[in-house]
Amino acid sequence: MLSSQTVRISLVFVAVALVSLLFADIAITASNPWRDLGNFFLGVVTPNFFSSEGLMTALLRTVAFAFVGVALGSVCGFILSLVYRFLPVRIFCAFVRAIHELFWALIFLQFFGFHPLTGVLAIAIPYSGIFAKVYSEILDETDPEPGRLLPPGTGVIAAFLYTRIPDCWVQLRTYTAYRLECGLRSSAILGFVGLPTLGFYLESSFSQGLYSDAGAMLILFYVLIATMPLWVRPKLLPVYILGAPFFLGEGLPIVWGNVERFFTEDIVPSPLRDGEGLSGMIPWLSDLMVNEAMPGIWNTVILTQIALVVTGILTLLAFPLISNHFGGPVRRTTGHVFLVIVRSTPEYILAYILLQLWGPSMLPAVVALALHNGGIIGHLIGRQTNSIHLRPDAPTGFNRYSWELVPRVYRSFLAFLFYRWEIIMRETAILGILGIYTLGFFVDSAIQNIRFDRAMVLILITALLNIGVDALGRYIRRRLALQTMPTC
C-alpha cells in the first residue's frame, strides 16, 4: 500500500498538517461557546423574515452585483481565452485571479468609494482570469476535424463560430452557470467591506446579537442558490443582464481626484514619496518583510495546510451521505440538504459566524474552510460513486466503503483536493480581515492606517504565494496523472 505514489503524497501532506498544528493557534476563547452556538441555531429555526426593510433590497443587490460582475468577467475572459496561449496573457490572468475579490474591493474602495463600480470590478477582474483559463481549456478540447471540412476561403471568425463554438457550447454554458453561483457567494461577502449586499446586513445582525435576523438572511441565501435552476433560464438571461445594472444602487459619486492621487501618491512607497530615494527602500522593505509579510506568510501557509487535510478528511466522510451505495432515499436527501448548505455558504461567512461563537483563533477558519470545500468535493465524489456499478457479491457497510469505493475514487478525490488547494489559500489570506493573523490581517491593518503602499506590496506577495501554490498543485496533479474539471 505504501508503494502507491498517491498514498505517499497523501501521507506527506498529513504529516505537514500535523507539524503545522504544533504552531497553530487552535483554541475556543469565548466564555460560553455552547450557549452562543445554541442561540445561533435557535435563530436559524426561528427566522425573522420581517426584521429589516432593507433585507429584500440587499438580496436583490446581491443578485445584481453577481450578474453584472459575472457577465463582464465572462465576456473579458472569453476574449482573453482566444489569446491565452501567449505567455504574457497567461501570466496576467494568473495574477488577477490570484487576488481575492475582497482584496480587489478594498483596493477600489480607496478611490471609487462606496460606488457600485467597486463591487462590479471586484468580481469581474478575478473572474476574467478564471474564465480565460477555463474557457481556453474547453476550447482546446474541441474536435479540430470539422474546421478542416470547411470550403476554402472561409473566414477565421466564421470557422470559429460554426465549428468550435457549437462543439463546446454545452461545456461553456454549464461552467458559466456554475460560476454564476460562485458570483452570488462573492457578491454576498462584499457586504463585509460596506457594500449594500447580504453580508452587510448579516454582519450588522450578528454584532447586535439578532440571531433570528441572521438566520432569516442565511435561509434566504440558501433558497436563492437552491432555486437557481428554476429562475436562471437561458431565455431570461438577457433580461437579467440588461436589468441588473439598474438595481446596483447609486452609491456615492466618484471623486476622480482620489483616483489620480491613489496611483500617483498613495501606492508609491513612502521612501520614494518622501524624497529618500532608493537608499530608503531597503530598510522600508526590510521592516515590511520582517514584521508583516513573513508572519503573514507563515500563518497563511500553516492554516492552509491544516485546512487542506481537514477538508480531505471531511470529504471522505461526506461523500457516502449522497452515494446510492449507502442507506436509503431519506438519508440521501438529508445528506444532499446538508452538503448544499455547507457548500453554498461562503467560507468568509462561515468563519465570521464561528468567530462570533468561539472567539478569535485559527479554529473557526479551519472549520469554515473544511466545511465549505469538503462539501463541494464530497458532492462531486458522491455523484461519481453513483456511476460505479458493483458486482452482486460486493461487500456491504464499512468494507464496501473502504475496499470497493474509496480505492476507485481516490485519484479523483486527490485531483479535486489539489485543485482546491490554491482556492483554500486565497480564502485563508482573506480571512485575516476577520482578525486571524494571515496576510489579510496585515493588508487590512495597512489600509486602516492609510498606508496603501505597504498594503499593495502585501497584496502582491499574496498573489505570488497563490500563483506558487497553484503551480505546485498542477505539478503534483501532472506527476500523479490526475485529471479533474475545475470547480468554484
Side-chain angles (χ1 to χ4, degrees), residues 13-14 16-27 94-95 97-106 126 130 182 185-186 189 192-193 292-315 342-343 345-355 358 360-377 416-446 455 458-473 487-488:
F13 275 83
V14 170
V16 171
L18 291 175
V19 173
S20 298
L21 279 172
L22 301 176
F23 302 95
D25 174 25
I26 303 292
F95 177 76
R97 71 172 180 263
I99 301 176
H100 194 278
E101 300 91 281
L102 277 185
F103 280 146
W104 284 114
L106 288 173
I130 297 171
C182 302
R185 292 199 289 268
S186 299
I189 66 173
F192 285 89
V193 296
E292 298 180 32
M294 295 309 297
I297 293 172
W298 174 257
N299 288 318
T300 300
V301 171
I302 283 177
L303 181 52
T304 297
Q305 296 311 114
I306 296 172
L308 181 71
V309 171
V310 178
T311 295
I313 294 171
L314 287 183
T315 298
V342 295
R343 76 173 188 265
T345 310
E347 301 99 314
Y348 194 91
I349 291 180
L350 277 173
Y352 176 81
I353 293 172
L354 293 175
L355 277 166
W358 294 346
S361 79
M362 287 187 179
L363 180 61
V366 170
V367 174
L369 290 165
L371 281 175
H372 176 78
N373 291 283
I376 290 175
I377 306 176
F416 283 118
L417 192 62
F418 287 130
Y419 178 82
R420 299 295 301 184
W421 190 11
E422 182 263 342
I423 298 172
I424 290 173
M425 178 160 283
R426 288 176 71 241
E427 296 294 338
T428 298
I430 202 67
L431 290 180
I433 296 177
L434 297 176
I436 303 166
Y437 293 128
T438 61
L439 280 164
F441 174 83
F442 297 100
V443 171
D444 189 52
S445 298
L458 292 170
I459 290 175
L460 176 61
I461 291 173
T462 303
L464 294 176
L465 187 64
N466 289 338
I467 291 172
V469 168
D470 183 39
L472 181 58
T487 59
C488 178

For this session: Check Gly440 against Phe103 and note the closest heavy-atom contact, atom names and distance.
Result: CA-CZ, 3.7 Å
For this session: Taking the side chain as every heavy atom from C-beta outward, state whether Thr462 and Ile99 have any atom pair closer than 4.5 Å.
Result: no
For this session: Begin with the C-alpha distance, continue with both residues' side-chain angles, and end with the deciding distance and a verdict on side-chain contact (heavy atoms from CB on, under 4.5 Å) for Thr428 and Leu369.
Result: CA-CA 8 Å; Thr428 298; Leu369 290 165; 3.4 Å; yes
For this session: Keeping the roles fixed (side chain from Arg185, backbone from Glu347), state whether a donor-acceptor pair exists under 3.5 Å.
Result: no
For this session: Evaluate the side-chain contact (heavy atoms from CB on, under 4.5 Å) criterion for residues Leu308 and Val16: first the C-alpha distance (whole Å), next the side-chain angles of each, then the deciding distance (0.1 Å), finally the verdict.
Result: CA-CA 10 Å; Leu308 181 71; Val16 171; over 6 Å; no
Exercise. Leu314 and Ala370: which non-hydrogen atoms are nearest, and at how many Å?
Worked result: CD1-CB, 3.5 Å
Exercise. Is the closest side-chain donor-acceptor distance between Gln305 and Ser20 under 3.5 Å?
Worked result: no
For this session: Check whether more than 12 heavy atoms from other residues, nucleotides or ligands sit under 6.0 Å from atom OH of Tyr437, and answer yes or no.
Result: no
Exercise. Counting N and O atoms only, with roles assigned by atom type, does the side chain of His100 sit under 3.5 Å from a partner on the main chain of Glu427, one being a donor and the other an acceptor?
Worked result: no
For this session: Hey, could you give me the CG/CG distance between Asn466 and Leu439, rounded to the nearest 0.5 Å?
Result: 9.0 Å
For this session: With the side chain counted from C-beta on, respond yes when Met425 and Val301 share a heavy-atom pair under 4.5 Å apart, and no when they do not.
Result: yes
Exercise. Is Leu21 close to Leu18 at the side-chain level, that is, under 4.5 Å between some pair of heavy atoms?
Worked result: yes
Problem set entry | Rounded distance (nearest 0.5 Å) linking atom CE of Met362 with atom CD1 of Ile306 | 7.0 Å
For this session: Please check if the side chain of Asn373 supplies one atom and the backbone of Thr311 the other of a donor-acceptor pair under 3.5 Å.
Result: no
For this session: Look at the side chain of Thr438 and the backbone N and O of Gly432, then say whether any donor-acceptor pair between them is shorter than 3.5 Å.
Result: yes
Exercise. Do you know the tightest heavy-atom contact between Ile467 and Ala98?
Worked result: CG1-CB, 3.9 Å
Seminar exercise, completed: One should read off an interatomic distance between Ile376 CD1 and Tyr419 OH, to the nearest 0.5 angstrom, of 10.0 Å
For this session: Please examine the side chains of Phe442 and Pro295, heavy atoms only from C-beta on, and report whether any two atoms are closer than 4.5 Å.
Result: yes
Problem set entry | Minimum heavy-atom distance Ala105-Val193, with the two atoms named | CB-CG2, 4.1 Å
Seminar exercise, completed: On a heavy-atom basis, the closest approach of Ala365 and Leu431 is CB-CD1, 3.7 Å
Exercise. Out of curiosity, Phe416 CZ to Ile377 CD1, how far, rounded to the nearest 0.5 Å?
Worked result: 8.0 Å
Seminar exercise, completed: The residue among Ile433, Leu102, Ile459, Ile461 that forms side chain to side chain contact (heavy atoms under 4.5 Å, CB included) with Val443 is Ile459
Exercise. Yes or no on side-chain contact (heavy atoms from CB on, under 4.5 Å) for Trp421 and Leu472, after CA distance, side-chain angles and deciding distance?
Worked result: CA-CA 10 Å; Trp421 190 11; Leu472 181 58; 3.3 Å; yes
Exercise. Taking all non-hydrogen atoms of both residues, which atom of Ala351 and which atom of Ala368 are closest, and how far apart?
Worked result: N-CB, 3.4 Å
Exercise. If you round to the nearest 0.5 Å, how far is OG1 of Thr304 from CD1 of Ile423?
Worked result: 12.0 Å
Exercise. Between Trp358 and Val367, is any pair of side-chain heavy atoms under 4.5 Å apart?
Worked result: yes
Exercise. OG1/Thr345 to CD1/Ile189 distance, rounded to the nearest 0.5 angstrom?
Worked result: 12.0 Å
